[in-house]
Amino acid sequence: MSQVKMAISVKGLTKSYKKLPVLTGVDFEVRAGSIFALLGTNGAGKTTIVKILSTLLKPDSGTAIVNGFNVALQPAHVRESISLTGQFAAVDEILTGRENMIMIARLRHLQEPGLIADDLLERFGLKEAANRRASTYSGGMRRRLDIAMSLVGHSRLVFLDEPTTGLDPEGRIEVWNVIRELADSGITVFLTTQYLDEAEQLADSIAILHQGKIITTGTLAELKALFPPAQVEYIEKQPSLEDIFLAITGTKTM
Amino acid sequence: MQTVKTYFFPDMGVMLGRSLRHVSRSLDTIITVTIMPIAMMLLFVYVLGGAIHTGTDHYVDYLLPGILLIAIANSAGYVSYRLFTDVQRGIFERFNSMPIARSAALWGHVLTSLVSNAMSLVVIILVALLMGFRSPAGVLNWLAIAGILALFTMMLTWIAAIPGLSAKTVDGAGVIAYPIHFLPLISSAFVPTDTMPAAVRAFAEHQPVTPIVETIRALMFNQPVGKEIWVAMAWCVAITIWAYIFAMRVYNKRG
């Protein structure tokens, strides 16, 4: 074991659905307090890893330690120390934003659920919309509520499974800012994404999942060092359509 | 090693509060489980009742037990639907990744079904009273009626939970609603079974709704209760247990 405290360490994880092998021996570690991005194409098994680490699914073999607890042997302890934000914003659309927050605070058996709800709603810019039903929220707002619900309580580790899939550029930036804030407050963030720029923007370390294995892992600088040194070329930078969209609609970048 | 405390009852209370909000905020649910049965009761008593001969003066007295069972049957489809939405939206995944009693989420739905049915049945009985329904029965008989209705609700709720948890599409989730709707119609809920053709009559007399209707009717009017009720109750309990085990298995497999 290294000196640095690990929030997650996974060894030899395998999982098959019926005859179809999805994970064929996954190893990686996540440093406590860092943002870790798991990259992979659709169907690579990113969600399967998230489900195993969040105790929703049992692996066929291998060990996974989350916040010092063995996922297979101490699932209740793992659940107390993590939060999961699944691939689809799991908010109750019939309840208001505030009711959603209070429900989670009650289920985590916390004192003063109303105060906790108001505080987080304000932090996530949902104060105005707090008493509207979640079904009236935009995609970005729904995702923010979803993540806010994950932060109720004292989770040291937050799983975000493709948090920006299906969001418009503005919503994506909103969520990125939220993730940065999380990391600044010392929470470990485990992020899966299929967008390379998202990992590049946010992650302290990156792992690439391909054909059931982690084929490479490291910091962005380390991954870049795997390739021959970049050649310096001067090119005229055209604004991307995203830059244009954000400039016209007046959203601040970063 | 310290253990993690579980809070089954408080957790279930939160779940109950949540899905009761779903019921009370869904006009569609309220119409189907309360207004529709009342409309049917009005229709049968004031439009068709004159032509139906049941051997009683007050057709509403004859009809009420069947209407109560129809209201419960109508609510079963919504149980499937609410469970299906929770599975699809990832709400159950969220709950199951939290330190809460695992079955609390499912029991919350079942309890909601019991509580919301109790409320709609009270409203229906109040309307029946306005329409001239009178029962000489005492508290004990009414407690027995409440118990039978609760068991019937539990049975249909657990049956409805199975497609709700396992369906791939919302249509699939609702598939159980139709046969359940039909059960009270092909029974002695509206008319005595004597006039039905032999095959229909055989079905009507051997499905659980008929003896349940007959028993509730007997209890409401201080009549002797027949033996067939014990057979019907035994069936209800057996089906409830079977559906409970099956639904729990599907629920746990979902992870």
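Atom set for the values below is all heavy atoms of this structure, side chains included, hydrogens, waters and symmetry mates excluded. Only a predicted model underlies this, so the values are computations on that prediction, with no experimental measurement involved. Throughout, a chain's letter reflects where its sequence line sits, starting with A, and its residues are numbered from 1.
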Query - Other residues, nucleotides, ligands: >12 heavy atoms within 6.0 Å of B/W235 CH2 - result: no
Query raised in the report: Taking non-hydrogen atoms and a cut-off under 4.5 angstrom, which of residues 34-44 of chain A neighbour chain B?
Result: none
Query raised in the report: Between B/P99 and A/E80, which heavy-atom pair has the shortest distance, and what is it?
Result: CB-CG, 3.5 Å
Requested in this report: Give the minimum heavy-atom separation between A/L107 and B/I100, together with the two atoms involved.
Outcome: O-CG2, 3.2 Å
**Report entry** Donor-acceptor contact below 3.5 Å, side chain B/R94 vs main chain A/I104
**Finding:** no
Report task. Could you tell me whether B/F133 atom CZ has more than 12 heavy atoms of other residues or ligands within 6.0 Å of it? Result -> yes
Requested in this report: Using a 4.5 Å cut-off on heavy atoms from C-beta on, say whether the side chain of A/M103 contacts that of B/F95.
Outcome: yes
Requested in this report: If a pair satisfies salt bridge (Lys or Arg N to Asp or Glu O under 4.0 Å) and one of its residues is in residues 161-187 of chain B, list it, with sequence neighbours excluded.
Outcome: none
Report task. For the residue pair A/K51 and B/S97, establish whether any side-chain heavy-atom pair is separated by less than 4.5 Å. Result -> no
Report task. Answer yes or no: does atom OH of B/Y178 have more than 12 heavy-atom neighbours from other residues, nucleotides or ligands under 6.0 Å? Result -> no
Query raised in the report: Is it the case that more than 12 heavy atoms not belonging to B/F8 sit under 6.0 Å from its CZ atom?
Result: yes
Query raised in the report: Are A/R79 and B/N96 side-chain neighbours, meaning at least one heavy-atom pair lies under 4.5 Å?
Result: no
**Report entry** Top of A/K58, A/R106, A/R108 for chain B proximity - count of heavy-atom pairs under 4.5 angstrom
**Finding:** A/R108
Report task. Would you please go through residues 82-93 of chain A and name the residues with a non-hydrogen atom below 4.5 Å from one of chain B, in numerical order? Result -> A/I82, A/L84, A/T85, A/F88, A/A89, A/A90, A/V91, A/D92, A/E93
Query raised in the report: If you draw a 6.0 Å radius around CE in B/M248, do more than 12 non-hydrogen atoms from other residues or ligands fall strictly inside?
Result: yes
Query raised in the report: Who in residues 18-26 of chain B is close to chain A, using a strict under-4.5 Å heavy-atom cut-off?
Result: B/R18, B/R21, B/H22, B/R25
Query - B/M98 CE to A/S150 OG distance, which is reported to the nearest 0.5 Å - result: 9.0 Å
